[in-house]
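See structure below.
Just so it is clear: chains get the letters A, B, ... in the order the sequence lines come, proteins before strands, and each one is counted from 1.
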Number of protein chains: 2
Amino acid sequence: MASSKSPFCLLARRLGSAAPLPVAAERAILGLPLIIRTIEASRDILYEGGPSDHCCVILDGWTCCYQLLTDGRRQILLFHVPGDLPDLQGLHLPSPDFGMATVTRSIVAFVPHSDLRTLSDRYPTIAQAFWREAIVTAATHRAWIVSLGRRDARQKLAHLICELYLRLEAVGLTDGRSMPMPLRQTDFADALGLTSVHVNRTLRSLRSQGIVDLYGRRSTILDWEALRAVADFNPKYLHLTD
Amino acid sequence: MASSKSPFCLLARRLGSAAPLPVAAERAILGLPLIIRTIEASRDILYEGGPSDHCCVILDGWTCCYQLLTDGRRQILLFHVPGDLPDLQGLHLPSPDFGMATVTRSIVAFVPHSDLRTLSDRYPTIAQAFWREAIVTAATHRAWIVSLGRRDARQKLAHLICELYLRLEAVGLTDGRSMPMPLRQTDFADALGLTSVHVNRTLRSLRSQGIVDLYGRRSTILDWEALRAVADFNPKYLHLTD
DNA sequence: CGCAAACTTGATGGCCGTCAAGCAAAGTGG
DNA sequence: CCACTTTGCTTGACGGCCATCAAGTTTGCG
């Protein structure tokens, strides 16, 4: 049942990735009232402090969570790729404490909070899956705190590329050693606490050493072991099962 | 009932801080098998990757969560003060992805995971309170990501001091405009991604401008509005009710 | 084809790290 | 009670990583 490519099955597979869902829960997911929208690149999906009564599922494309400082600078908090559930925490909060925006043109499914709440009340396995999502998000936040606090530009960039590669691989979106890479250099900069000028120079340095190459909206990892070593990367925090 | 100073009542008050607990839930909390320990300063409580079958409640003193890089440098992820529940996420994970250590000598209560699980299964208000704790932790992580990524040393320091002051105030541990400040300059450094040398200079700068003074294990906020402005601080992420 | 957005590269400077030394405070043992 | 050690704080000199400013160049799109 979870073999088709429908949005429902993407969601069911994700929620059942750690512990298999009972058939009844899977059927309940298939009955969710999804509202599916295609959203252009660089559009806001969710506003900090705004109302929210739906959660969303990324079906296609990349999005990010961010916060703005009062002087207008931006800090990206997390990227989301297909399969991710970026704002599950909204189930427990009146309004989000961050903004969410598309990076690329994206296809997003919206699900009413009320339906997700009944789902998680009725099926403990699903409540458990929601906890798991929250825990992975928090662990990723912690990994970013370490990067931002204690790594230099090369290490930060390497670490982010490792993370994105493994997350994309987990949903089958890598191809050999390469992956789609829609992030602009300013996106890297806003995620890593750098300027786009310095991201540019750092990428050049990684390329010149034959570690990773970004070309034509794709990124190819030429030497995974070197990249891992530069980043001091440990994938455990992503809690990927395979 | 929640007026006495017992560990049970501290816990009951914390879990009921957003939504009042039913009397039965409060009674169940009073029946939890707490193991209370006093732990010296700078001792590990929890090891990254180690086993864990208890959650803890900070009854007195300060602790922190941290991660170590392979070269031995440390990044602090979060501080905990009395009333905090630092490792609730352990309920959903076999082993923690961070270490926890005392900052000062601390009194800590340990509660078996199994008891907390039955508590949260039986009382939805408590399950809700656990979610709330997780959400505040994640929101604090995000605030730190923004600080680490986009603020300079003065702003970072000001932001952390604002956070700690409000959290201590919420549990009645401030005194006028001052609070206990057991953090060493190396602790500030490890939390803010700086060196202790630079923390020293930055503290001096904040003091010379009459904004905040650290003296004798206490910190006095001389000009809250200036401190808030330097930090661009918005307390919303702490979700303090009063 | 023309405009806008993104990328690239150079020059310059500042924030903060590193190294080093001295000082202060607190605990320890004789 | 006082050398002695340890830990933390303070200050100076110097240098490097990265920000800033300022062009160009390339890419993408209508």
Side-chain angles (χ1 to χ4, degrees), chain A residues 40-43 62 64 69 71-76 101-105 147-160 180-208 212-219 230, chain B residues 40-43 62 64 69 71-76 101-105 147-160 180-208 212-219 230:
Chain A
E40 293 305 306
S42 302
R43 295 283 199 286
W62 291 32
C64 69
L69 305 199
D71 64 8
R73 287 182 305 165
R74 181 175 73 149
Q75 174 66 45
I76 290 177
T102 54
V103 173
T104 65
R105 172 195 292 223
S147 257
L148 288 167
R150 287 300 185 205
R151 288 194 246 262
D152 69 19
R154 273 170 59 83
Q155 297 171 323
K156 286 178 188 176
L157 205 37
H159 198 277
L160 179 54
M181 180 44 70
L183 299 182
R184 295 164 302 172
Q185 295 182 355
T186 62
D187 296 323
F188 277 112
D190 287 346
L192 301 176
L194 301 168
T195 59
S196 62
V197 173
H198 200 65
V199 167
N200 184 291
R201 296 192 223 276
T202 309
L203 282 173
R204 164 184 266 287
S205 142
L206 287 176
R207 179 176 347 125
S208 77
V212 59
D213 196 10
L214 271 72
Y215 187 72
R217 308 286 92 178
R218 288 193 73 80
S219 155
V230 167
Chain B
E40 293 305 307
S42 303
R43 294 282 199 285
W62 291 31
C64 69
L69 305 199
D71 64 8
R73 287 181 304 165
R74 180 175 75 148
Q75 174 66 45
I76 290 177
T102 54
V103 173
T104 65
R105 171 196 292 224
S147 258
L148 289 167
R150 287 298 184 207
R151 289 194 246 261
D152 68 20
R154 273 170 57 84
Q155 297 171 323
K156 286 178 189 178
L157 205 37
H159 199 277
L160 179 54
M181 180 44 70
L183 300 181
R184 296 164 302 173
Q185 295 181 355
T186 62
D187 296 323
F188 277 113
D190 287 347
L192 302 176
L194 301 168
T195 59
S196 62
V197 173
H198 199 66
V199 167
N200 185 291
R201 296 192 223 275
T202 309
L203 282 174
R204 163 184 267 287
S205 144
L206 287 176
R207 178 175 348 124
S208 77
V212 58
D213 196 9
L214 272 72
Y215 188 72
R217 307 285 92 178
R218 289 194 72 81
S219 156
V230 167

(Q) Just verifying a value: how many Å separate B:K156 NZ and B:T202 OG1, rounded to the nearest 0.5 Å? (A) 9.5 Å
Q) At what angle, to 10 degrees, do the two end axes of the helix from C:dC1-D:dG30 to C:dG30-D:dC1 meet, given five pairs define each axis? A) 40°
Q. If you look at every heavy atom in A:A41 and A:T102, which pair is closest and at what distance?
A. C-OG1, 3.4 Å
Q. Looking only at heavy atoms, what is the nearest atom pair of B:A158 and B:V230, with distance?
A. CB-CG1, 3.7 Å
Q. Residues two or more places apart in sequence or in another chain: which of them pass side-chain hydrogen bond (donor to acceptor under 3.5 Å, both in side chains) with A:S205?
A. A:R154
Q: Give, ordered by number, those residues of residues 180-199 of chain A having at least one heavy-atom distance below 4.0 Å to an atom of DNA chain C; if nothing qualifies, reply none.
A: A:R184, A:Q185, A:V197
Q. Rounded to the nearest 0.5 Å, what separation is found between the CZ atom of A:R105 and the CD atom of A:E40?
A. 4.0 Å
(Q) Regarding B:R201, tell me which of base, sugar-phosphate or nothing describes its non-hydrogen contacts under 4.0 Å with the strands shown. (A) base
(Q) Suppose we screen for side-chain hydrogen bond (donor to acceptor under 3.5 Å, both in side chains). Which residues come up paired with A:R43, at least two apart in sequence or across chains? (A) none
Q: First locate atom CZ of B:R151, then atom CG of B:L157, and finally report the distance between them rounded to the nearest 0.5 Å.
A: 12.0 Å
Q: Could you list where the contact with chain B starts and ends along DNA chain C, reading 5' to 3', using a 4.0 Å heavy-atom cut-off?
A: C:dC16 to C:dC19
**Q.** Exercise: identify the closest heavy-atom pair between B:V212 and B:S219
**A.** CG2-OG, 3.8 Å
Q. What's the spacing between B:L160 CG and B:Q155 CD if we round to 0.5 Å?
A. 14.0 Å
Q. With sequence neighbours left out, which residue pairs that include part of residues 196-208 of chain B fulfil the salt bridge (Lys or Arg N to Asp or Glu O under 4.0 Å) condition?
A. B:R207-B:D213
Q.
Here's a test of your reading of the structure: between B:L203 and A:Y215, which maps to the more 5' nucleotide of DNA chain D?
A. B:L203
Using a 3.5 Å cut-off and no angle test, enumerate the donor-acceptor pairs between side-chain atoms of residues 182-199 of chain B and protein atoms at least two apart in sequence or in another chain.
residue, atom, partner, partner atom, Å
B:R184, NE, B:D187, OD2, 3.2
B:R184, NH2, B:D187, OD1, 3.0
B:Q185, OE1, B:N200, ND2, 3.0
B:D187, OD1, B:R74, NH2, 2.9
B:D187, OD2, B:R184, N, 3.0
B:D190, OD1, A:R150, NH2, 2.7
B:D190, OD2, B:R74, NE, 2.8
B:D190, OD2, B:R74, NH2, 3.1
B:T195, OG1, B:H198, N, 3.3

Q. Along DNA chain D, 5' to 3', what are the outermost nucleotides having an atom less than 4.0 Å from a heavy atom of chain A?
A. D:dC18 to D:dC21
**Q.** Shortest non-hydrogen separation from A:C64 to A:I76 and the atoms involved
**A.** CB-CG2, 4.0 Å
Q: Within residues 148-158 of chain B, find the residues that approach DNA chain D with a heavy atom at under 4.0 Å, and present them sorted by residue number.
A: none
